[in-house]
Amino acid sequence: MADTRPVIWWIRRDLRLRDNPALSAALETGAPIIPLYIHDPQDEGLGAAPKFRLGLGLERFAKALEGRGSRLTLRRGKALDVLRDVIAESGADQVVWSRLYDPEAIKRNSEIKEQLKADDITVKSTGGRLMFEPWTVATKEGGMYKVYTPFWKSVRDRGVDDLIDAPARLAKPEDWPKTDRLADYSMGAAMRRGADVVAPYCRVGEDAALEQLDDFLDDRVASYKTDRDFPARAATSELSENLAWGEISPHRMWHLGARAMANGKQGAEHFLKEVVWREFAYHLMYHSPQILTRNWREEWDGFPWQEDPGEALLRWQQGRTGYDFVDAAMRELYVTGKMHNRARMIVASFLTKHLMIHWKHGMQWFEDCLVDWDPASNAMGWQWVAGSGPDAAPFFRIFNPDGQLVKFDPKGRYVRNWIAEGQSDCPRTALDFYDAIPRSWELDPDMKRPEPVIDLKRGRERALEAYKDSRDTG
DNA sequence: TAGAGGTTTAT
DNA sequence: TAAACCTCT
């Protein structure tokens, strides 16, 4: 019977039941729904931490679906092949998904759409990941925005799609397609530091994310604007990993944030601005995908990055630069899969300026380590700090990691949380780092503080000079 | 979303 | 005498 043919809801980075237009589209068909996750080559190639975190998210999301009378079907292979297999097995004649915006996904999705339509399958792709589709935001001249503030001004008064409740239940097909077991995908296998170290620091799933947002907007948002720069204060929303995997929608953050603002909560507007930074990153990636791989500003192509970053890069990755703020942050990253925003700017500045190591090395390390990894935000962030990106800080805006410490960790609380050396009675977090490091790292067994990898003044001057030279000769 | 170094101002 | 302010990179 044609009207009982199921619809496939192809799930990617939208592990949520609320505010999910793809799910809404599936529900509107009135057909039984097959929620399908495809472990395709692109996802298999994810960095260690993102892949691990995706596994946690899928596990939780499968349970959420079961709570609504449904289940998650897991399959491995090239997306088009798998979709065709599941269509053949289930008799489905419709497929829905919510869009991704990186160039590979765009290319793949349009090919798949074309092929499935040729197979006489109804295909629908929806928004949901972003509040503002990148092609709907343009300057008066019709171009893309290259600077954040005008972008913000152009979107802040727009309407954002309404929130959508989770469905009470999802209609299920007569027979479920066969499914793989998530455990067989070994999503955490590449975690050299051990999945057990990172897992307790993760906040997994839609319910946890919504609770966290409520807590944040009830309480911490009031002091967000000032406290957000102090990494030892729990002042931020900490929702980046949930946003990255679609366990919460930016729409929900926007609407609840706007409500907090209307209720006079100081800091709420600043929070919304930060959510819109993510939209800006997607805007940039959509309109100039080369931001993922090349200097966004071509004049940077002549900059003399260190040719062999070897030892210095390793010390940066290991949190052994000898600078407290940098080392604390890099260890936080390794242990938790996350890093405070201010710390991200500082370690990125240190790598690209003081060490003169190409931003792509830092970007790749983050891509391997961050449970909240997002291609657009990562690339924009690195190029922004390096100075090669749009809306870039001028190159001479070089963070002094010790100066930043005085400003933003005056009591040394953040540093003590992450650096065990020299402390007789240190926090669990700092010990977690020593538990987590791979043997190959060969850290100092005597727990002595590392020597500075470079003199701050010398590093700064070297970078400024190199920049000047590359501009003069370039 | 910066830092350095100098100059002016407040106390 | 230190904090605030300014300018240049």
Side-chain angles (χ1 to χ4, degrees), chain A residues 145-153 156 221 223-233 235-238 240 266-281 283-284 291 296-297 299-300 303-304 321 323-326 329 338-356 359 362-363 366 374 376-410 414 452 454-474:
Chain A
Y145 281 100
K146 298 175 179 177
V147 180
Y148 176 73
T149 303
F151 179 86
W152 160 253
K153 286 180 178 164
R156 68 179 168 191
V221 75
S223 61
Y224 179 75
K225 193 173 179 182
T226 49
D227 285 356
R228 62 185 287 274
D229 276 322
F230 293 77
R233 301 180 189 172
T236 62
S237 76
E238 298 178 14
S240 57
Q266 297 289 319
E269 185 180 20
H270 206 87
F271 173 63
L272 296 181
K273 274 189 173 169
E274 295 300 320
V275 178
V276 169
W277 266 102
R278 172 177 172 276
E279 304 274 330
F280 183 53
H283 182 79
L284 294 172
I291 196 172
W296 196 83
R297 294 173 190 269
E299 66 264 31
W300 274 84
F303 187 76
T321 66
Y323 291 99
D324 282 351
F325 216 145
V326 176
K338 285 169 274 192
M339 191 192 290
H340 189 277
N341 179 61
R342 173 137 302 262
R344 292 186 199 208
M345 294 191 284
I346 292 165
V347 302
S349 168
F350 190 79
L351 186 77
T352 56
K353 311 291 173 70
H354 290 95
L355 297 181
M356 275 177 64
W359 53 265
M363 188 176 83
F366 272 30
D374 180 293
S377 299
N378 200 30
M380 179 191 71
W382 275 96
Q383 294 226 40
W384 190 90
V385 174
S388 61
D391 203 45
F395 184 72
F396 42 78
R397 184 179 289 162
I398 298 171
F399 287 78
N400 178 327
D402 287 346
Q404 291 282 311
L405 212 47
V406 174
K407 272 190 189 164
F408 298 115
D409 191 34
Y414 181 64
I454 193 167
D455 176 73
L456 286 183
K457 195 171 175 211
R458 200 182 131 249
R460 176 188 164 82
E461 283 165 3
R462 182 179 70 166
L464 287 171
E465 207 152 302
Y467 178 67
K468 214 162 132 267
D469 287 352
S470 79
R471 298 309 298 270
D472 290 347
T473 58

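Heavy-atom basis, side chains included; hydrogens, waters and symmetry copies ignored.
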Problem - Between P of dT9(C) and NZ of Lys468(A), the distance in whole Å - result: 10 Å
Handout entry: Nearest-Å distance for atom pair CZ/P, residues Phe399(A) and dT1(B)
Key = 10 Å
Handout entry: Sugar-phosphate only, base, or nothing, as touched by Leu464(A) at under 4.0 Å among non-hydrogen atoms
Key = nothing
Fill in the blank from the handout: Whole-Å distance, Arg278(A) CZ to dT1(B) P, equals 23 Å
Exercise for the section: Determine whether the aromatic ring centres of Phe395(A) and Phe303(A) lie less than 6.0 Å apart. Expected result: yes
Practice task
Just compare dT1(B), dA2(B), dG5(B) and give me whichever is closest to any side-chain atom of Arg228(A).
Solution key: dT1(B)
Practice task
Please work out if Lys225(A) contacts a base, only the sugar-phosphate, or nothing of the nucleic acid, heavy-atom cut-off 4.0 Å.
Solution key: nothing
Completion exercise
Lys273(A) atom NZ is separated from dT1(B) atom C1', nearest whole Å, by 11 Å
Practice task
Side chain of Phe396(A) only, please: which of dA2(B), dG5(B), dT1(B) is the nearest?
Solution key: dA2(B)
Practice task
Would you please classify the geometry between the Phe280(A) ring and the Trp277(A) ring as parallel, tilted or perpendicular, with 30° and 60° separating the classes?
Solution key: perpendicular
Handout entry: Check: Phe230(A) ring centre within less than 6.0 Å of Tyr414(A) ring centre
Key = no
Practice task
Using only side-chain N and O atoms of Gln404(A), determine if any of them is under 4.0 Å from OP1 or OP2 of dG3(B).
Solution key: yes
Handout entry: Separation of atom CZ in Phe325(A) from atom C1' in dA2(B), rounded to whole Å
Key = 14 Å
Problem - N/O (side chain, Asn400(A)) to phosphate O (OP1/OP2, dA4(B)) under 4.0 Å - result: yes
Practice task
When you get a sec, tell me which of dG5(B), dG3(B), dA2(B) is the closest nucleotide to the side chain of Lys457(A)?
Solution key: dG5(B)
Exercise for the section: Might you confirm whether atom CD of Glu299(A) has over 12 heavy atoms from other residues, nucleotides or ligands at distances under 6.0 Å? Expected result: yes
Handout entry: Separation of atom OH in Tyr224(A) from atom P in dT1(B), rounded to whole Å
Key = 13 Å
Handout entry: Side chain of Trp384(A) - closest among dA2(B), dT1(B), dA4(B)
Key = dT1(B)
Completion exercise
Rounded to whole Å, the CD1-P distance (Ile398(A) to dA2(B)) equals 13 Å
Handout entry: Atom-pair distance (CE on Met345(A); P on dA2(B)), nearest Å
Key = 7 Å
Completion exercise
Checking Arg342(A), Arg344(A), Lys407(A) against Asp229(A) for salt bridge (Lys or Arg N to Asp or Glu O under 4.0 Å), the one that qualifies is Arg342(A)
